[in-house]
Number of protein chains: 2
Amino acid sequence: MTIPKTHRRVVLVRRPPGEPAESDFRVEEAPVPEPRHGEVLVKVHYLSLDPYQRGRMRDAASYAAAVGLGEVMTGGTVGEVVASQHPDFKVGDIVEDRLGWQEYAIGGGPALRKVDPSLAPISTANGVLGMPGMTAYFGLLHVGQPKPGETVVVSAASGAVGQVVGQIAKIMGCRTVGIAGGAKKCAFVKDELGFDACIDYKAEKDLDAALRAACPNGPDVYFDNVGGEITDAVLRNINFFGRVALCGSISQYNATGASMGPRLLGTFVGKRVMARGFIVTDFAQHYGPAMRQMGEWIRSGQLKYREDIVEGIDKAPRAFIGLLRGENFGKMLVKLA
Amino acid sequence: MTIPKTHRRVVLVRRPPGEPAESDFRVEEAPVPEPRHGEVLVKVHYLSLDPYQRGRMRDAASYAAAVGLGEVMTGGTVGEVVASQHPDFKVGDIVEDRLGWQEYAIGGGPALRKVDPSLAPISTANGVLGMPGMTAYFGLLHVGQPKPGETVVVSAASGAVGQVVGQIAKIMGCRTVGIAGGAKKCAFVKDELGFDACIDYKAEKDLDAALRAACPNGPDVYFDNVGGEITDAVLRNINFFGRVALCGSISQYNATGASMGPRLLGTFVGKRVMARGFIVTDFAQHYGPAMRQMGEWIRSGQLKYREDIVEGIDKAPRAFIGLLRGENFGKMLVKLA
């Protein structure tokens, strides 16, 4: 194939205090770089949009470095090696890496890994068989530690992580309750993914009552993707010896200043509740067996997934803004090639 | 000794919505009961006043039953067997049990245990060698899991639990920072107990700055006895992979309605913070070795303790109200005999 001279990429030009606008990003032309020794040139097929990327737009201490102004936005990618100076990768290989919001990129760091396109569509390397899938797997099983017969509640239940959490919880023999926004998402979560119940937080006036109705025995494990009022409601109702896997707080990512809510840590004492924050890379040395297990569940039909795909790098900013608003329906991807 | 016909006891007569008043309790005369088969009559020497007793005054679901109106207030006791129908206990034995706010009481349940008065003053069976001491031991070591060189922060640092937490943390090789109210308590915590630093939360205008100054490497473990604004400040400053042992929330026990504060659970994600509530009885099967270890530390002079003792059962309500206000200075006890 012919490698073009230039490509398009999305750079961060302004750090929004609240909700990002399209003007906080710039789509620009840039020369396609050439790989040096130990590097590959990747033509990106899919760019992964994920809530954590909002954190990278802040100029604040975090577990990972911020994106600099004028720099390419960070993001997971699946693509095809189109030129290689790396002994382990050849032209035509499908690879996954975090190469950012751009059409072509240089890879070769420790995160570069081959993807077997015969196992599943390659987009899954950014989803159920990638970072979001591993997040669901380790957050639920290692942090949440569900036991058969227990009740697992997961927020953002139709999202990239939530949909996997609930299905693994079902496989583990748990009652599984999703929380999602809108009737369509709730119907998908129940009817397609097999959750036992799904609470539409946009329609419910009394989340506590809805939780009590959906969880007759109370929640034992809460996998939290959203924070804020939804999480407050689950924590008010969580069972004795409940476990909270803190994965994300998307409801707070665009907040300006401190978000206030009821102080609920005191209720953890008598109930012996445990809450633990985690980042998927903490479990990196265990990815191999988890990937194989997830692959088996996909092939057996026990694990389904839904993607929400837009086309074209110029659509990435708008799609990302929508993701933070919960407008996506399934794993948010940008198809580039 | 002669057993009197009547004794005094304190019953709950009203459930206060906020701060208790002395009129919520009644000191009354009652017949001294007689032990039946398998029971002992105990003359109480010390009554333990502890923050958890505020929870028993509420008519709400908790990990333990509420005290009924007209019933004797619950509380730990150390006393002397004055009559016995129990094969394992004889007159003169010193025993610890949770027999309530009264001068004489029937014991014989599973919590009744002998205290060896040759090891330490018997009042310690309600303190450093009793429930508060075990709370400190297991909360710090099992929940907080401090490592040598780490920084441990404990609130209510001069209290029954806090003073023990900090001293065990020092024994474990940690930098130990207390938080207490007032210069006298802070001086005691530093100069007598050997904490590395103590923050006077009543004098400090900027708790965050005080924490940063007292914890140059940041807090790794936070043992929380107080909740509320003090806990918010520690959580804002806690280190990556920090652990929070949730023992109590005394600042909230008299609160009417929900106490509001910043939502900080979201910050646990990137920092991988773990918070876990616990109740000391969860560790009951491990008390034996822990008691022996604590006894050794006391005899070697590594573990000191301070008691705050009032005399007379009629003083219990006022002392308890003061305890909830932080007016006590050390383990709060009522001496009865």
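By number of non-hydrogen pairs under 4.5 angstrom with chain B, the leading residue of A/G227, A/A275, A/S249 is A/A275. Each of B/G55, B/G257, B/G266, B/G261 has some count of heavy-atom pairs under 4.5 Å with chain A, and the biggest count is that of B/G261. Chain B forms the most heavy-atom pairs under 4.5 Å with one residue out of A/A258, A/A255, A/S259, and that residue is A/S259.
For a residue to count as touching a neighbouring chain, one of its non-hydrogen atoms must lie under 4.5 Å from one of that chain's; by this rule B/D232 touches chain A with the side chain only. For a residue to count as touching a neighbouring chain, one of its non-hydrogen atoms must lie under 4.5 Å from one of that chain's; by this rule B/L235 touches chain A with the side chain only.
Under a cut-off of 6.0 angstrom, the local environment of CD in B/E229 is sparse, with at most 12 non-hydrogen atoms contributed by other residues, nucleotides or ligands.
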Give every donor-acceptor pair under 3.5 Å between a side-chain atom in residues 239-247 of chain B and any protein atom, sequence neighbours left out.
{"unit_1": "B/N239", "atom_1": "ND2", "unit_2": "B/N217", "atom_2": "O", "d": "2.8"}
{"unit_1": "B/N239", "atom_1": "ND2", "unit_2": "B/G218", "atom_2": "O", "d": "3.2"}
{"unit_1": "B/N239", "atom_1": "ND2", "unit_2": "B/D220", "atom_2": "OD1", "d": "2.9"}
{"unit_1": "B/R243", "atom_1": "NE", "unit_2": "B/F241", "atom_2": "O", "d": "3.2"}
{"unit_1": "B/R243", "atom_1": "NH1", "unit_2": "B/G144", "atom_2": "O", "d": "3.2"}
{"unit_1": "B/R243", "atom_1": "NH1", "unit_2": "B/Q145", "atom_2": "O", "d": "2.6"}
{"unit_1": "B/R243", "atom_1": "NH1", "unit_2": "B/E150", "atom_2": "OE1", "d": "3.0"}
{"unit_1": "B/R243", "atom_1": "NH2", "unit_2": "B/E150", "atom_2": "OE1", "d": "3.2"}
{"unit_1": "B/R243", "atom_1": "NH2", "unit_2": "B/E150", "atom_2": "OE2", "d": "2.9"}
{"unit_1": "B/R243", "atom_1": "NH2", "unit_2": "B/F241", "atom_2": "O", "d": "3.4"}

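Closest approach of A/R263 and B/P262 over heavy atoms only: NH2-CD, 4.4 Å.
Using non-hydrogen atoms only and a strict 4.5 Å limit, the part of residues 267-274 of chain B facing chain A consists of B/F268, B/V269, B/G270, B/R272, B/V273, B/M274.
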